[in-house]
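Taking it in order: structure first as C-alpha cells, then the write-up.
Just so you know, these numbers come straight off a predicted model, no measurement behind them. Labels below follow one simple rule: chain letters A, B, ... track the order of the sequence lines, proteins then strands, and each chain is numbered from 1.
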Amino acid sequence: MTAVRAPTAPGGVPAPVTRVARGRAGIVAVAVLVVLAAAPLFLAPFATTTLTRILVFALFAVSLDLLVGVTGLPSLGHAGYFGAGAYAAGWVSINVTAEAPVPLLAGLAVGAVAAAATGWVTVRSQGVFFLMLTLAIGETLQQVADSWESVTGGANGLTGVPAVRLAGAPLANIGFLYWYVLVFGVVGFAAVALVARSPFGAALRGIRDNEPRMRALGYSTSLYKYAVFVVAGGVAGLAGSLLVAQQRLVSPADLGFTTASFALLAVIIGGAGSLWGACLGAALVIVIRDALDLGGNGTLVLGIVFVLVVYLLPRGVAGLLPRGGRVSAPRRRRASAPPWRKGST
Amino acid sequence: MLVSVLNGFSIGFLLFILAVGLSLVFGMMDVLNLAHGALFLVGAYLGAAFSGAGWGGFLAALGLAAVAGLVAGGILSLMTEPLRRRSHLDQALLTLGVAFVVAELLYTVFSDDPLSVLAPPGLDGSVSVLGAVYPTYRLALIGVGSVLAVVVYVVVERTRVGALVRATVADREMVSALGVDNRLVKAAVFAVGSLLATTAGVLGGPIYGARPGLDAYVLILALVVVVIGGLGSVRGALLGALIIGQVDTLGRVLLQGVEGAASFILFASLAVVLVLRPQGLFGGPVGMSR
Amino acid sequence: MAEGVDVSVLRCAGLSRSFGALKAVDGVDLTVAPGARHALIGPNGAGKSTMFSLVTGTMRADAGTVALAGRDVTAMSEVRRCRLGMSQTLQHASLFASMTAAETVAVALQRHDGSTISFLPRRQTAVRERAEELLADVGLAGRGAVVAGSLAHGERKQLEVALALACRPTLLLLDEPAAGMSPAERARLVELLGGLPAGVTVLFVEHDLDLVFALADAVTVLHLGRVLLSGSPDEVRASDAVREAYLGTGHREELFGS
Ligand SMILES: Nc1ncnc2c1ncn2[C@@H]1O[C@H](COP(=O)(O)OP(=O)(O)OP(=O)(O)O)[C@@H](O)[C@H]1O
Ligand SMILES: [Mg+2]
C-alpha cells in the first residue's frame with residue numbers, strides 16, 4: 001500500500017527547518033516562559049488558579065499528543081493514567097509525606113505502571129480499534145477508582161489532601177503553587193519534546209506514517225508503541241500529581257471518559273502532533289469548562305466545539321500557520337485502505 | 001446462582017439490541033459511532049419521563065424513542081457523509097462531539113440527578129422461578145430481547161435487504177459497483193441501528209434508570225461486545241452480548257467482597273479474547289496488525 | 001540436491017501461499033548463491049511479489065521453509081529477518097508521508113548502525129552523512145530535504161532503494177526497482193547494483209528484460225505460482241517454455257520488446 005499520497009509537486013517542497021526559524025522559535029519560547037513566570041505577579045488569584053489548571057491540563061494534553069499526534073495512536077483512556085497519578089500523589093501526600101518531590105514521583109511511577117499493566121493489550125491494535133480498547137481501559141480504571149473505597153475514597157473521591165511541602169513549608173500561597181506547577185509542567189513538557197525529537201521519536205513518527213514499512217525496516221513496532229504508551233502514561237501521571245497539588249482532592253471523574261475526551265479535544269484543537277498546539281487547546285478547554293460563566297453549559301459548548309473543529313479545522317490551530325510544528329504531519333489524510341483490510345495474515 | 005444466570009441473560013439480550021447497530025454501522029461503513037451510548041441515554045430519559053404512566057406511558061416512550069432513533073440515525077449518517085474522504089478517526093471524533101451535545105442537552109432538560117424508571121404495571125412484581133424469586137420485568141426482557149434478536153438475525157441473514165447489508169459489510173466497492181447507492185444503505189442501517197439503541201434505552205430503563213454517565217458505561221459495554229463478537233457479524237454480536245452479560249453479572253456475584261475487582265472482569269475478558277483471537281470470536285479480522 | 005554445508009544465501013523449499021482458491025505461490029524451490037545477481041521474472045500475476053513477501057516474512061507461508069545463510073527463518077518475524085540482513089524495496093513505493101528523503105533513510109540507518117535507539121535527541125552526524133551518501137548513490141543528491149510525499153514517482157523508487165541499502169543487507173530484494181524510472185535513472189541503477197560489494201546478494205524482480213540480462217547472472221522464471229525454469233540467462237533466453245509462458249499471457253513485447 002502506498003502511504004504517501006500527497007500530490008506530487010514538481011520540484012518538491014524543501015523541508016523548511018532552518019537555523020533562523022529554529023532561533024526564532026527559541027526566542028518565542030523564552031518570551032512565553034518569562035510571561036508565564038511573571039503572570040501571578042499581575043493576575044488576580046482566580047486568574048492565577050485558572051492558569052494553574054491550564055498548566056496541569058496542558059501537560060496532560062501534551063502527554064496525550066505524544067500518543068495521538070506523534071505516534072498516531074488516538075487514545076480515549078488516557079485520563080486513566082492521569083487520574084491514577086493523581087490518586088497516587090494524593091494518597092502518598094495523606095499517608096506518607098507531602099514533601100516534594102515524593103508525590104510527584106509517586107504520580108509519575110503509578111501512571112507509568114498503570115500504563116504498563118494495561119498497555120500491552122492495546123499496542124497490537126491501531127486506529128479506531130486503539131480508540132475502543134483505550135476507552136474500555138479508561139472506563140475500567142474509573143470503575144476501580146469508584147469502587148476501591150479504602151484507598152480512593154470511592155465515589156466521594158480522595159479528600160483532605162494536604163498542601164505540597166517544599167523543604168518543610170507547605171505551599172499554601174496560590175502564587176507559589178502556580179510556580180511549583182509551572183516548573184514541573186515545563187520539565188514534563190521538555191521531556192516530551194525531547195522524546196519527540198529523539199531517534200526514538202523519529203521511529204514513532206515512522207510508525208504513525210506507515211507502520212508495516214517500519215516493521216519491514218526492522219523495527220518491532222509493538223515494542224515501540226508499548227514504550228511510548230508507558231512514557232505517555234508516566235507524564236500523564238506527573239500531570240495528575242500536579243492536579244492534586246492544585247485542587248487538593250481527586251474524584252473518579254478525573255479519570256473518566258469526559259476528561260479523556262477533553263484532553264483529546266485539546267490535542268485536536270491544537271493540531272495533533274504540535275505540542276504547543278496541545279497547550280493552546282488545553283487552555284481553551286479549561287477556559288470554557290471552568291473559567292467562563294456558562295451557567296453549567298461548559299460541556300455542551302465543548303461538545304459543539306468538538307463538532308466544529310472536526311469539520312472546520314482538520315489540522316488544528318497549528319494547521320492555520322504556514323507550516324505546523326516540525327513534528328506535525330498530514331494526520332487527516334484518508335488511509336489508503338482500512339488497516340484491517342490490508343493484506344491478510 | 002440461577003438468579004445470576006437469568007440476570008446475565010436479561011443484560012445480554014439488552015446488550016445485543018444495543019450493540020448490533022453499532023456493529024453493523026462499523027462493519028459496513030467503518031464509522032465508529034461513539035454517540036451510540038448517548039442514543040441509549042435518549043431512550044432511558046424518555047422512559048423516565050413516562051415512568052409510572054402505565055402501559056400507555058411505556059409504549060409512548062417506546063414509540064417516541066423509535067422515532068427519535070430513526071431521525072438521529074439519519075442525521076448522524078448525513079453528518080458523517082462530508083467526512084467520507086477523511087480518516088475514520090475524524091468520523092469517530094465527530095460522533096464523540098455529538099454524544100456530548102446530546103447528553104448535555106438531556107441533563108439540561110431532565111436535571112443531573114439520577115432518575116429511576118418503573119417497570120410497566122403487571123411486570124413490576126416478582127415471580128418465582130424454580131424456587132428463586134425473580135423480577136418479572138427482567139424475565140419479560142429476556143423474552144422480548146430474544147424475539148428481537150431472532151427478528152434482527154432473520155432480517156440480516158435471511159432476507160434480500162439483509163443480504164445487501166451483509167454484502168456491503170463484506171465489500172463496499174463491489175456493492176456500489178452493482179449500482180446500489182451505498183449512502184442509502186448506510187443511512188438505513190444507521191437509522192435502524194440507532195432505533196435499536198434508543199429502544200434498548202427504554203427497555204433498559206427499569207434496570208439501569210437514567211443518569212449522567214450511563215451513556216459512557218453502555219457504550220463501553222457495547223464496544224466490548226463488538227470487539228469480542230467481531231465486526232459486522234450479527235451472530236458475533238449476539239454471542240458476544242450473551243457472554244458479556246453472563247461474565248459481567250457472574251463476576252459481580254463472585255467477586256462481591258473484593259473492592260474494585262469486579263470492574264476488571266470486563267477488561268480481563270476483552271484482553272483474553274484479543275490475545276487468543278485478535279479478530280474477535282466470529283467476525284473477520286478487526287484491525288489488529290497481524 | 002547438494003547435501004552437506006548449505007552455502008546458499010537464500011534457500012526456499014516448497015514455499016506456498018494461497019488466496020482463497022488462488023494458489024499465488026505453489027511449492028516454489030529457490031536457491032540464491034552468495035554474491036549472485038539473481039533475477040526473478042514472470043508474467044503479471046505470476047506470484048513474484050507474493051514470493052518476496054513470503055521470503056521477507058511480511059506474509060506467512062502456508063507451507064514450505066525459508067533459510068537465510070543456512071539458518072531456518074521460517075518461524076521468524078519480518079523484523080527478525082530484517083535484523084538478520086534481509087531488506088527489500090516494494091513494488092509500489094511505500095514511504096513516510098511526513099518525512100524528508102534524508103530523514104527516511106536516517107530512520108532505517110539508525111536501526112542498523114549497531115547503536116541503541118536513544119530517547120534523547122542525538123546529533124547523529126554519522127547517520128546524516130551516510131544518508132547523504134546513500135541518497136547520492138541512488139541519484140537523489142541534493143534532494144534530501146524534500147518531503148517524501150513530494151518526490152516524483154521515479155525518485156520514490158530511488159528512495160526505496162536507498163532505504164533498502166540503509167538496512168545493511170546481506171540479501172537485497174528489489175521488486176521492480178526500475179519501474180517508473182527514466183532511462184538515465186535506470187542506467188544509474190544498473191551501475192549502482194553492479195557496483196554493490198560482493199557481500200550483498202541481490203534477488204530482483206524486473207519486467208524489463210534488457211535490464212535483467214544486463215545485470216543477472218542467474219534467472220528464475222515463475223509462472224502461475226510455480227517455477228518454470230531456473231538457470232543462467234542464456235538458458236532462459238533460449239527456452240521455448242519461457243517464450244510460451246509469456247506469449248500465452250500476451251506479454252510478448254515485454255520479453256522481446258524494447
Ligand atoms: N493480498 C492478496 N489478496 C488476494 N490476492 C492476492 C493478494 N496479493 C496477490 N494476490 C494475487 O496473487 C497473484 C500473484 O500476485 P503477485 O502480486 O505476487 O504477482 P506478481 O508476479 O508480482 O505480478 P506483477 O508482475 O503484476 O507485479 C495475483 O493473481 C494476485 O491477484
Ligand atoms: Mg509484483
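Chain A forms the most heavy-atom pairs under 4.5 Å with one residue out of B:Leu96, B:Val98, B:Thr108, B:Leu34, and that residue is B:Leu96. Contact count versus chain B (heavy atoms, under 4.5 Å) is highest, among A:Leu264, A:Leu141, A:Leu300, A:Thr118, for A:Leu300.
If you check the side chains of B:Lys186 and B:Thr80, you find a donor sitting under 3.5 Å from an acceptor.
For chain B, no part of A:Phe130 is nearby; none of its heavy atoms comes within less than 4.5 Å. The contact between A:Leu131 and chain B is made entirely by side chain atoms (from C-beta outward), counting heavy-atom distances below 4.5 Å. Both the backbone and the side chain of B:Leu94 have a heavy atom closer than 4.5 Å to some heavy atom of chain A. Heavy atoms of B:Leu219 lying under 4.5 Å from chain A belong exclusively to its side chain. For chain B, no part of A:Leu308 is nearby; none of its heavy atoms comes within less than 4.5 Å. In this structure, no portion of B:Tyr107 lies under 4.5 Å from any heavy atom of chain A. For A:Thr258, the parts lying near chain B are the backbone and the side chain together; criterion is any non-hydrogen pair under 4.5 Å.
Proximity of B:Met79 to A:Val307: side-chain heavy atoms (C-beta onward) are separated by under 4.5 Å at one or more points.
Less than 6.0 angstrom separates the ring centroid of A:Tyr81 from the ring centroid of A:Phe229.
The line from CG of B:Asp215 to CG of B:Leu106 is 8.5 Å long, rounded to the nearest 0.5 Å. The line from OG of B:Ser23 to CG of B:Leu223 is 10.5 Å long, rounded to the nearest 0.5 Å. Separation of atoms CG (B:Leu214) and CZ (B:Arg211) is listed at 5.0 Å; rounding is to 0.5 Å.
Residue B:Asn7 forms a side-chain contact (heavy atoms from CB on, under 4.5 Å) with just one option from B:Ile207, B:Leu250, B:Thr249, and that option is B:Thr249.
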